[in-house]
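Take a look at the structure set out below.
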Amino acid sequence: MTASILLPGAPSQPLTAVVAENNKVVESTGAISYTEPSLISQPEPSASLGPPHPYFFKDGLRRVAPYFYTYNTWCKERWRGRKIIEVFESEFRERSVEYYRAAMESGQVAVNGKIVSPDYVMVNGDLVSHTTHRHEPPVTQDPVQVIHEDDDMIVINKPSGVPVHPAGRYHYNSVVEIMKAERGPTFAPRPCNRLDRLTSGIMFIAKTAKAAESLSAQIFRRSVRKEYLARVVGRFPDGEVVCDQPILQISPKLGLNRVRANGKSAKTVFKRLAYYPSPIIKPSPSNSPSPDEAETGGPGDQFTRETEGYSIVRCLPVTGRTHQIRVHLQFLGHPVQNDPIYANQKVWGFDLGRNDAEATLNTDEDVLSRLARMGKEQVADAVAYYDEMVDVYHKKKAERMSGQLCDVCKTPLYTDPGSQELCLWLHSLRYEDADGSWSYVSPLPAWAMPPEGASGPTQVGGMDDLVEAAGEDMKIEVS
C-alpha cells in the first residue's frame with residue numbers, strides 16, 4: 001500500500017518506484033514526488049485499540065519492522081553536468097560506491113522513472129529516486145504523555161531520543177508519526193516549538209493551522225517564558241547565576257557553538273535545585289586510612305571536591321541561541337553530565353572550554369580538528385567526560401555491529417542503541433505566558449529525581465527568582 005503526495009512545483013510525470021506490498025516487491029506508477037513507507041511485515045505487533053500502525057515493542061524500545069522506502073529529490077544546481085555516480089559518491093556516503101553502481105544498474109536508483117547508467121550526466125529538472133530497504137533505529141518505548149488538551153492544541157511531554165519530525169533515518173519513530181498512529185490518519189499534528197531529538201519535555205502540538213500560527217507568534221515575540229532542567233557535572237554554585245557571555249557558531253555545518261567574545265549576545269539564568277555527591281565508599285581493611293592519614297586527611301578520608309557528584313540545575317534562557325544552555329553551562333565549568341559534544345574532553349580538552357571566551361586555551365581550529373578526527377558517527381554517540389569513559393565507549397562501538405545481515409537487502413545490522421544514544425540530561429520543564437494567563441509544567445524526569453537512598457526535591461517552584469535575576473533584559477524580551 002502506498003500514498004502519494006504531489007509537492008508544490010513538482011511536474012506531473014510518471015515515476016516508477018519499487019515498493020513493498022504484502023511482503024512482495026512490486027512496481028507502482030503514478031504522478032508522485034514522494035512515496036510513503038510501506039511495511040514489509042509487523043513481527044510481534046503490540047495490541048492497539050486504535051488504527052493499525054507499524055510499531056512493536058521489545059526490551060524497552062519502540063521498534064519498526066524494516067520496509068521499502070523511496071527517496072526522491074530534484075537535481076540540485078551543483079549536480080548539473082556531473083555523472084550521477086559521482087554525485088552519489090560525494091554526497092550520499094551511507095553506502096559504498098559499489099552499492100550505488102549496482103543500484104543504478106538494477107533500477108533501485110532511477111532518474112525520471114527510468115533506469116540510467118552510472119555515467120548518466122545530470123541536467124536541470126531531473127528527478128532522482130532511490131528505493132531502499134529502510135531499517136529505522138529503535139527509540140524508547142516511553143509514551144508521548146499528554147499534559148493538557150483542548151480544542152486547539154495538545155501539550156505533550158516529549159520522550160528523549162525521539163525526533164519531532166521525520167528526518168534522516170527516522171520516519172515512523174518520530175513524535176509526529178507516533179501521534180498520527182495513536183489518533184488516526186486524519187490527525188494532522190502541527191508542532192509549534194522545537195526540541196532536539198535527545199531533549200525531552202514540554203512541546204505544543206496545534207490541532208489547527210490557526211492555533212499553530214497564534215502560538216508560534218507568541219513564542220517568536222518572546223512573550224513566552226521557558227524553563228529547562230539540566231543535570232550537570234559537579235556542585236553548581238549557590239544562588240542565581242547569570243551567564244551573559246556571547247555565543248559564536250564556529251561551524252555552521254556541524255552546528256557547533258562556543259562562548260566567544262565576538263559572538264552574538266546571549267543570556268541565561270541558572271539556579272541549583274539540588275546537589276548529590278558521588279557515592280561514598282565505606283572504608284574497608286584494604287582502604288582504611290592509616291593513623292597519619294586519619295590526622296591529615298588521606299585516601300580513606302570521606303570528602304567531596306567541586307567536580308565530584310552532580311547537580312540538578314534550573315535554567316531560564318533569556319535569549320534563544322542554538323545550544324545556548326549547553327554552551328553556557330560548559331563555560332561555567334558545569335556541562336550537562338552526559339552531553340556527547342560539550343562535555344567531551346576529546347574535543348574541548350581537559351578544561352572543557354571553561355572561562356575561555358578568547359579561545360586562548362583551545363582555538364576554534366583545534367576544536368574543529370579534533371571533532372573531524374573523531375568522525376561524525378563517533379561525535380553523535382560519544383559520552384566521554386572522563387578519560388576512562390572513552391575506553392568504555394570504544395568498546396561499545398566495537399560491539400555495535402551485530403555480525404548479522406538483513407535477509408532482504410544484506411545490510412549489516414546494528415545492535416540496539418545504548419542509553420547514551422537515547423537521552424540527554426536536558427529537559428524542557430515549563431512554558432508559561434509572561435502575563436500569567438497560562439502555564440504548563442511537566443513532571444521531573446527520572447534522572448532529576450533524588451537517587452536511591454538520598455533525599456531531595458521532587459518538584460520545582462515558581463520562576464519569580466529566575467525572572468528577577470534576569471533583570472531588564474527579561475522585561476524587554478517579553479514586552
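In what follows, residues are counted from 1 in the order of the sequence shown. Any value given below was found using the heavy atoms of this structure, including those in side chains, with hydrogens, waters and symmetry copies removed.
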Are the side chains of Phe88 and Val128 in touch, meaning some heavy atoms are under 4.5 Å apart? yes
Any salt bridge linking Lys226 with Glu432? Criterion: basic side-chain nitrogen under 4.0 Å from a carboxylate oxygen. no
Test salt bridge (Lys or Arg N to Asp or Glu O under 4.0 Å) on Arg101 and Glu98 and set out the steps. CA-CA 5 Å; Arg101 188 177 296 276; Glu98 291 78 14; over 6 Å; no
Under-4.0 Å salt bridge between Arg63 and Asp416: yes
Please work out which of the three classes, parallel, tilted or perpendicular, describes the rings of Tyr69 and His171, given edges at 30° and 60°. tilted
Pair Ser369, Asp366: side-chain N/O donor-acceptor within cut-off below 3.5 Å: no
Aromatic ring pairing Phe92/Trp79, orientation class (parallel under 30°, perpendicular over 60°, tilted between): perpendicular
Check this for me, if you would: do Arg260 and Asp356 make a salt bridge, where the nitrogen-to-carboxylate-oxygen distance has to be below 4.0 angstrom? no
Sorted by chain and residue number, the side chain to side chain contact (heavy atoms under 4.5 Å, CB included) partners of Val155 (sequence neighbours excluded) come out as Ile147, His148, Met153, Ile202, Phe204, Tyr440
Under 3.5 Å, is there a donor on one side chain and an acceptor on the other for Ser216 and Arg190? no
Identify whether the distance between the nearest side-chain nitrogen and carboxylate oxygen of Glu227 and Arg314 falls below 4.0 Å. yes
Test: salt bridge (Lys or Arg N to Asp or Glu O under 4.0 Å). Region: residues 204-216. Which pairs qualify, not counting sequence neighbours? Glu149-Lys207
Polar side chain donor-acceptor pair, Thr322 to Gln249, under 3.5 angstrom: no
Can you classify the ring geometry of His133 versus His135 as parallel (below 30°), tilted (30 to 60°) or perpendicular (above 60°)? perpendicular
Over 60° means perpendicular and under 30° means parallel, so tell me whether Trp447 and Trp425 are parallel, tilted or perpendicular. tilted
Under 6.0 Å from the CG atom of Asp119, do we count more than 12 heavy atoms belonging to anything else shown? yes
Taking the six-membered ring for Trp, is the centroid-to-centroid distance between Tyr228 and His427 below 6.0 Å? no
Looking at Val64, Val139, Val164, Val175, which one forms a side-chain contact (heavy atoms from CB on, under 4.5 Å) with Tyr170? Val139
Checking side chain to side chain donor-acceptor pair (under 3.5 Å) for the pair Asn344/Asp339: CA distance, chi angles, key distance, verdict? CA-CA 7 Å; Asn344 195 325; Asp339 195 318; over 6 Å; no
